[in-house]
Amino acid sequence: MIVIEKNNKTSDIIGNVLLASNIEVIGWDSSLIPLYKMLEDKSPDLLIYGQEANMNGIEYIKQRFPNTILAYLGDNPSDDIPADLIIGESSNRASVRLPTNLYDITNLPSGAKNLSMICKMCCFTDSMNQDKVSSISDIVIDLCRRDVRFFGNTRLDCHQYLGIVNEQQKSDIIKSTDIYIDLSGDYWHKPVILGTIPIVLSSNFIPGVNTFTDVDTLGKAIEATLQGSYDLPLAREEVVRNTGFDFCASILSTLGAQEASDSVLQFKETFI
């Protein structure tokens, strides 16, 4: 069994991949369940944790559970942090590089074009709280004027906001739109896998995808995309090359679990 301490985006990706690969894994909230109790109850083969975890008593527990492998999630931890493997940068301990870009493609139904959902552009608001919406209000207003359809848990005060949708509906909407507008920067890879080109609010370069940082560059990005100035195969290659599956396979391989590593990569093929 693998236990992963929660409250870390990378932990979520690792957990989702392992679950999708039929590997026994559970999440652990160290603020609610003490380390000793979790270990007594679960006796994990591998424990993945980061700097956010409450690891009180770890030295004693390592003596009591010597077969539990400890993997620390983070760059260059101090020497007093016990770990058999560093998931990140380390100059003096066994490590697996933490990719700059890492994409979770596990929770992604295939989707189908739906006549009632057909639109030019759409956007999901799930990763945007009201503070985020307020900080980019000029962009949101501009998108509303362009009749972009909004869906998601965060409500927008405009008639283009059409409510909450589930994951299957999201995939159907993406398959039914021409362009997906990503205002949070954490979802664009899913439309790419589904075959829909995104435009992303980001100051970073994304291969094959047009990005923007303000209203002016938003208009230019939309115009360029509408004119076909994008490279969906290149964007897909970026995602496929940096999935959570590849990352987890590297971790397992480094730990000597080659059979499990190969299995994870086989499961990857079912998602791409």
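Computed from a prediction, not measured in an experiment: that's the story for all the values here. Starting from 1, each residue takes its place in the sequence as its number.
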Inset, instruction - Starting at CG of Leu19, measure out to CD of Glu24 and round the result to the nearest 0.5 Å. - result: 10.0 Å

Inset, instruction - Over 60° means perpendicular and under 30° means parallel, so classify the ring planes of Tyr187 and Tyr180, tilted if in between. - result: tilted

Inset, instruction - Locate the shortest heavy-atom distance separating Phe271 from Ile105; write the atom from each residue and the value. - result: CD2-O, 3.4 Å

Inset, instruction - State, with a plain yes or no, whether a side-chain heavy atom of Ile14 is found less than 4.5 Å away from one of Asn8. - result: no

Legend entry - Chi angles and distances behind the side chain to side chain contact (heavy atoms under 4.5 Å, CB included) call for Leu232, Arg236: CA-CA 6 Å; Leu232 190 56; Arg236 181 182 173 85; 5.6 Å; no

Legend entry - ILVMFWY network linking Ile23 to Phe267, side-chain heavy atoms under 4.5 angstrom: yes

Inset, instruction - Hydrophobic side-chain clustering at under 4.5 Å (ILVMFWY, transitive links): who's grouped with Ile58? Put none if nobody. - result: Met1, Val3, Ile26, Trp28, Leu32, Ile33, Leu35, Tyr36, Met38, Leu39, Leu47, Tyr49, Met55, Tyr60, Ile61, Phe65, Leu70, Tyr72, Ile81, Ile86

Legend entry - Val96-Leu265 co-clustered via ILVMFWY side chain contacts under 4.5 Å: no

Legend entry - Contact summary for Ser78 and Arg93, nearest pair of heavy atoms: O-NH2, 3.0 Å

Inset, instruction - Quick one: pull up CD in Glu223 and CD1 in Ile199 and give me the separation to the nearest 0.5 Å. - result: 10.0 Å

Legend entry - Nearest atoms (heavy-atom pairs only) where Ser171 meets Gly111: CB-CA, 3.7 Å

Legend entry - Where Gly219 and Arg146 come nearest, the two heavy atoms and their spacing: CA-NH2, 3.5 Å

Legend entry - Atom CZ of Arg155: over 12 foreign heavy atoms under 6.0 Å: no

Legend entry - Asn16 side chain near Asn107 side chain, heavy-atom distance below 4.5 Å: no

Legend entry - Pair Lys9 + Asp186: basic N to acidic O under 4.0 Å: no

Legend entry - Validation row: Cys144, Val140 side chains within 4.5 angstrom (heavy atoms): yes

Legend entry - Check: Ser250 main-chain N/O paired with Ser253 side-chain donor or acceptor under 3.5 Å: no

Legend entry - Co-membership, hydrophobic cluster, residues Ile164 and Phe151, 4.5 Å side-chain: yes

Inset, instruction - Using atom types as modelled and distance alone, determine if a side-chain donor or acceptor of Thr225 lies under 3.5 Å from a backbone N or O of Ala221. - result: yes

Inset, instruction - Report the C-alpha distance between Asp12 and Asp104 in whole Å, list the side-chain angles of each, state the deciding distance to 0.1 Å, and finish with yes or no for side chain to side chain contact (heavy atoms under 4.5 Å, CB included). - result: CA-CA 9 Å; Asp12 288 341; Asp104 184 1; 6.0 Å; no

Legend entry - Any side-chain donor near an acceptor of the partner, Asp262 and Gln258, under 3.5 Å: yes

Legend entry - Any side-chain donor near an acceptor of the partner, Asn242 and Asn101, under 3.5 Å: no

Inset, instruction - Check for a donor-acceptor pair, side chain of Asn54 on one end and backbone N or O of Ser31 on the other, with a separation under 3.5 Å. - result: no

Legend entry - Modelled atom types, side-chain donor and acceptor of Thr243 and Asp246, under 3.5 Å: yes

Legend entry - Closest heavy-atom pair and its distance - Ala235, Val209: CB-CG2, 3.7 Å

Inset, instruction - Go through the steps to decide whether Arg64 and Glu40 satisfy the test side chain to side chain contact (heavy atoms under 4.5 Å, CB included), and finish with yes or no. - result: CA-CA 10 Å; Arg64 185 170 178 180; Glu40 290 280 2; 2.6 Å; yes

Inset, instruction - Decide if atom CD of Glu167 counts as having more than 12 heavy atoms of other residues, nucleotides or ligands within a radius under 6.0 Å. - result: yes

Inset, instruction - Find the distance between OG (Ser30) and CG (Asn56) and round it off to the nearest 0.5 Å. - result: 9.0 Å

Legend entry - Gap between atom OG1 of Thr100 and atom CG of Asn204 - 0.5 Å precision: 10.0 Å

Legend entry - Side-chain heavy-atom pair Val240, Ile193 within 4.5 angstrom cut-off: yes

Inset, instruction - Check whether any side-chain N or O of Ser176 sits under 3.5 Å from a backbone N or O of Ile118 as a donor-acceptor pair, and report yes or no. - result: no

Legend entry - Criterion side chain to side chain contact (heavy atoms under 4.5 Å, CB included) on Val192 and Glu238, from CA distance to verdict: CA-CA 10 Å; Val192 165; Glu238 160 69 14; over 6 Å; no

Inset, instruction - Can you measure from SG (Cys123) to CE (Met128) and round to the nearest 0.5 angstrom? - result: 5.5 Å

Legend entry - Ser11 (side chain) donor-acceptor with Glu5 (main chain) under 3.5 angstrom: yes

Legend entry - Distance-only polar pair, side chains of Asp182 and Ser184, donor-acceptor under 3.5 Å: yes

Inset, instruction - Can you establish whether the number of heavy atoms outside Lys62 located under 6.0 Å from its atom NZ is more than 12? - result: yes

Inset, instruction - Count the heavy atoms belonging to other residues, nucleotides or ligands that lie under 6.0 Å from CD of Glu269, then report whether that count exceeds 12. - result: yes

Inset, instruction - Indicate the ring-plane relationship of Trp188 and Tyr103, choosing parallel, tilted or perpendicular according to the 30° and 60° boundaries. - result: perpendicular

Inset, instruction - Without swapping roles, check the side chain of Ser21 against the backbone of Val17 for a donor-acceptor pair under 3.5 Å. - result: yes

Inset, instruction - Measure from the side-chain N and O atoms of Ser202 to the backbone N and O of Thr211, and report whether any donor-acceptor pair falls under 3.5 Å. - result: no

Inset, instruction - Indicate yes or no for a side-chain donor-acceptor contact from Tyr161 to the backbone of Gly152 under 3.5 Å, with no hydrogens or angles considered. - result: yes

Inset, instruction - Keeping the roles fixed (side chain from Lys170, backbone from Val165), state whether a donor-acceptor pair exists under 3.5 Å. - result: no

Legend entry - Considering all heavy atoms, the nearest Ala94-Asp84 contact: CB-O, 4.0 Å

Inset, instruction - Give, for atom CG of Asp29 and atom CD of Glu52, the distance between the pair rounded to the nearest 0.5 Å. - result: 11.5 Å

Legend entry - Donor-acceptor pair, side chain of Asp138 and main chain of Val215, under 3.5 angstrom: no

Inset, instruction - Taking the side chain as every heavy atom from C-beta outward, state whether Arg149 and Met121 have any atom pair closer than 4.5 Å. - result: no

Inset, instruction - For residues Leu18 and Ile4, determine if any side-chain heavy atom of one lies less than 4.5 Å from a side-chain heavy atom of the other. - result: yes

Inset, instruction - Take atom CG of Asn166 as the centre, draw a 6.0 Å sphere, and report whether it contains more than 12 heavy atoms from other residues, nucleotides or ligands. - result: yes

Inset, instruction - Establish whether Leu226 and Val200 are linked, either directly or via other cluster members, by ILVMFWY side-chain heavy-atom contacts under 4.5 Å. - result: yes

